[in-house]
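So the structure is just underneath, and the comments pick up after that.
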Amino acid sequence: MAVKGRTKKKAFPEIKQKNEGKFKNWVNKNMPGKSTCAGASAVMKNTNKYSKEVVAMANFANNFGCKN
């Protein structure tokens with residue numbers, strides 16, 4: 001029986017194997033000298049400048065990989 005107002009904890013979202021390292025490689029190629037987290041922050045500050053796919057990867061990195 002579910003209790004109203006409570007949500008079930010969701011599992012940590014898994015990264016598909018084909019996408020592992022994709023954002024890190026993108027940062028290394030397009031933002032030399034920046035860490036993955038610094039690159040993610042830079043992308044999220046100016047989302048209009050980057051593609052939807054890059055913004056999604058940066059958002060995931062900020063939410064689940066970077067400690068701010």
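Residue numbers count from 1 along this sequence.
The shortest heavy-atom contact between N62 and C37 is OD1-O, 4.4 Å.
Residues meeting the side chain to side chain contact (heavy atoms under 4.5 Å, CB included) test with A42, sequence neighbours left out: M31, K34.
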Side chains of residues 44-61: which donor-acceptor pairs under 3.5 Å do they make with residues two or more places apart or in other chains?
unit_1 : atom_1 : unit_2 : atom_2 : d
S51    : OG     : V54    : N      : 3.2
E53    : OE2    : K22    : NZ     : 3.1
N59    : OD1    : N63    : ND2    : 3.3

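If you take OG on S35 and NZ on K24, they are separated by 10.5 Å, rounding to the nearest 0.5 Å.
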